[in-house]
2 protein chains.
Amino acid sequence: MTRLLLVEDDSTLARALAITLRTRSYVVTVARDGGSALRDASSSRPDVIVLDLGLPDMDGVDVIRSLRTWTQTPIIVLSARDGQRDKVAALDAGADDYVAKPFGIEELLARLRAASRRAAPREDEPVVSAGDLVIDLAAARVRRAGLDVRLTPTEWHVLEVLVRRRGTLVARADLLREVWGPAYERQTNYLRVYLAQLRAKLEADPSRPTHLVTESGLGYRFEP
Amino acid sequence: MTRLLLVEDDSTLARALAITLRTRSYVVTVARDGGSALRDASSSRPDVIVLDLGLPDMDGVDVIRSLRTWTQTPIIVLSARDGQRDKVAALDAGADDYVAKPFGIEELLARLRAASRRAAPREDEPVVSAGDLVIDLAAARVRRAGLDVRLTPTEWHVLEVLVRRRGTLVARADLLREVWGPAYERQTNYLRVYLAQLRAKLEADPSRPTHLVTESGLGYRFEP
DNA sequence: CCGGGCCGTCAAGGTTCCGTCAAGAAAACC
DNA sequence: GGTTTTCTTGACGGAACCTTGACGGCCCGG
């Protein structure tokens, strides 16, 4: 499951690409201009960014430069301009790859695989500690009082989403969508079950949680 | 000072490229066919490889695959063939980038800069020990309680991937992709077989592993 | 005071996943 | 060319996991 941010102002192309990418099990977010691209990148922390250089509000190369001030996430540039100068400028600004339009979808997919294959192990997903809990997002490991805690895949997934947005409220529907998919946005009973299991494994007093907090009627929050 | 291996059978083009690259302060070695490319790569340990796919003695994609069995050195492919299939095959075999001929020299230089910018910093501690195990990643050798353990190529490859990311979870699909290639991401039975074999050779009690740990539903982890 | 959401808890199917074994196919070796 | 090693594939029991439904407590408004 790779989270992908697609920055493309042509909504027809954006939709077509998003559909194809999703069938290849990418989790796709779409941004339509440079400003929202920068915002989305910092809030949703994608694993890879696909960026069209021709944007309505700002120069694509400047978008790359801004991103590179704080993240190493692979950036693959799409462009209708096939000029040498654009390629060199984009690559030197920090892009990882450059694909000229028109391109084949298989080529884009192959370049995506190549990009994420060599992606540096993420350092911008640090180790989060809270009380006697230590949660290492990169290593997918949880310790409580120094001892490894065994989580099931779904338990881990739920915890991961909450910890990634630690301190902020995660709406029930958001959580369900990220873990189980858009079709499960109303299965709130899943959350009750899994939050209970996580509390049993992680909280000192599961009936009075201090880290996995319920916001009644809204959602859940991880409290560092 | 970057050491660069140029694999190109057209001697006119090879000479022209070598001259240009040297003026940009690359240290260039030239190989004229796949066989010498593989030899040179292992003897001179270049920092980056530029590879023409059209070689007299063997298929360029096979050259990539051979290189990728033992090194992560960035590979940039040059090719006169601009076909989708060639690109996808080369990238999936492990190439980092693909430049179609004719290309501008500035583009190639920019892609070289991009490739070495994101190159992983060299491993400084290639010998990993865990309990009575000693694993030498550079020498491809494993000892248990001082005695050499004999591993098959695939067993070693699996162990290598796990040990490189020691302590962190390696997802099933990641492991399959790195060892067998992207087409095998769902062949989870391979993992079951090879993990069992590795445990039989490396673990004190293979049915209760302490180093090669299963994370049910997620993947495997090497525990130092 | 009582009913309806909402949440936490529990346990029982049913499904998926893992370890194990074995045997045939392919590759490497001599 | 024959032998040995290695890889691939299938099957199966058991374990781990997900889903689902039911029940009770709590809070709030009627």
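A note on names: the letters A, B, ... follow the listed sequences, proteins ahead of strands, and every chain is numbered from 1. Remember, it's a predicted structure, so these values are computed and weren't measured experimentally.
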Which atom of A/Val48 lies closest to which atom of A/Thr2, heavy atoms considered: CG1-CG2, 4.0 Å

Which atom of B/Gly34 lies closest to which atom of B/Asp57, heavy atoms considered: N-OD1, 2.8 Å

Touch class at under 4.0 angstrom, heavy-atom based, for A/Tyr184 against every strand present: nothing

Residue mapping more 5' on DNA chain D - nearest nucleotide basis, A/Arg192 or A/Glu155: A/Glu155

Exercise: identify the closest heavy-atom pair between A/Ala130 and A/Glu223: CB-O, 4.1 Å

Candidate nucleotides C/dG8, D/dC7, D/dT20, ranked by approach to the side chain of A/Thr214 - the nearest: C/dG8

Spacing of B/Leu195 atom CG relative to C/dC17 atom P, expressed in whole Å: 16 Å

First encountered from the 5' end of DNA chain D, between B/Ser216 and B/Trp180: B/Trp180

Upstream residue (5' side of DNA chain C) when A/Leu218 and A/Gln197 are each assigned their closest nucleotide: A/Leu218

Interatomic distance where CG belongs to A/Leu191 and C1' belongs to C/dT9 [whole Å]: 15 Å

Sugar-phosphate only, base, or nothing, as touched by A/Arg208 at under 4.0 Å among non-hydrogen atoms: nothing

Touch class at under 4.0 angstrom, heavy-atom based, for B/Arg150 against every strand present: sugar-phosphate

Phosphate contact (D/dT6 OP1 or OP2) by B/Tyr194 side-chain N/O below 4.0 Å: no

Whole angstrom value for the distance that separates P of D/dT20 from CG of A/Leu176: 13 Å

Distance below 4.0 Å between A/Tyr190 side-chain N/O and D/dC18 OP1 or OP2: no

d(OH, B/Tyr220; C1', C/dC18) in whole Å: 6 Å

Rounded distance (Å) that lies between atom P of C/dA11 and atom CG of A/Asn189: 18 Å

Touch class at under 4.0 angstrom, heavy-atom based, for B/Trp156 against every strand present: nothing

Sugar-phosphate only, base, or nothing, as touched by B/Ser207 at under 4.0 Å among non-hydrogen atoms: sugar-phosphate

Option from B/Asp136, B/Leu133, B/Leu137 for which side-chain contact (heavy atoms from CB on, under 4.5 Å) with B/Val163 holds: B/Leu137

Between C/dT9 (P) and A/Leu212 (CG): distance, integer Å: 12 Å

Residue pairs fulfilling side chain to side chain donor-acceptor pair (under 3.5 Å) with at least one residue in residues 179-192 of chain B, sequence neighbours excluded: B/Arg177-B/Glu185

Reported CG-to-CD distance for the pair B/Leu17 and B/Glu8, which is rounded to 0.5 angstrom: 7.0 Å

Value in whole Å for how far the P atom of D/dT19 lies from CD of A/Gln187: 9 Å

B/His157 NE2 - D/dT8 P separation (whole Å): 12 Å

A/Thr188 side chain near C/dC6 phosphate (N/O to OP1/OP2, under 4.0 Å): no

Shortest side-chain distance from B/Val193, nucleotide among D/dG10, D/dT6, D/dC18: D/dG10

Minimum-distance nucleotide to B/Thr152 side chain [options: D/dC18, C/dC18, D/dC7]: D/dC7

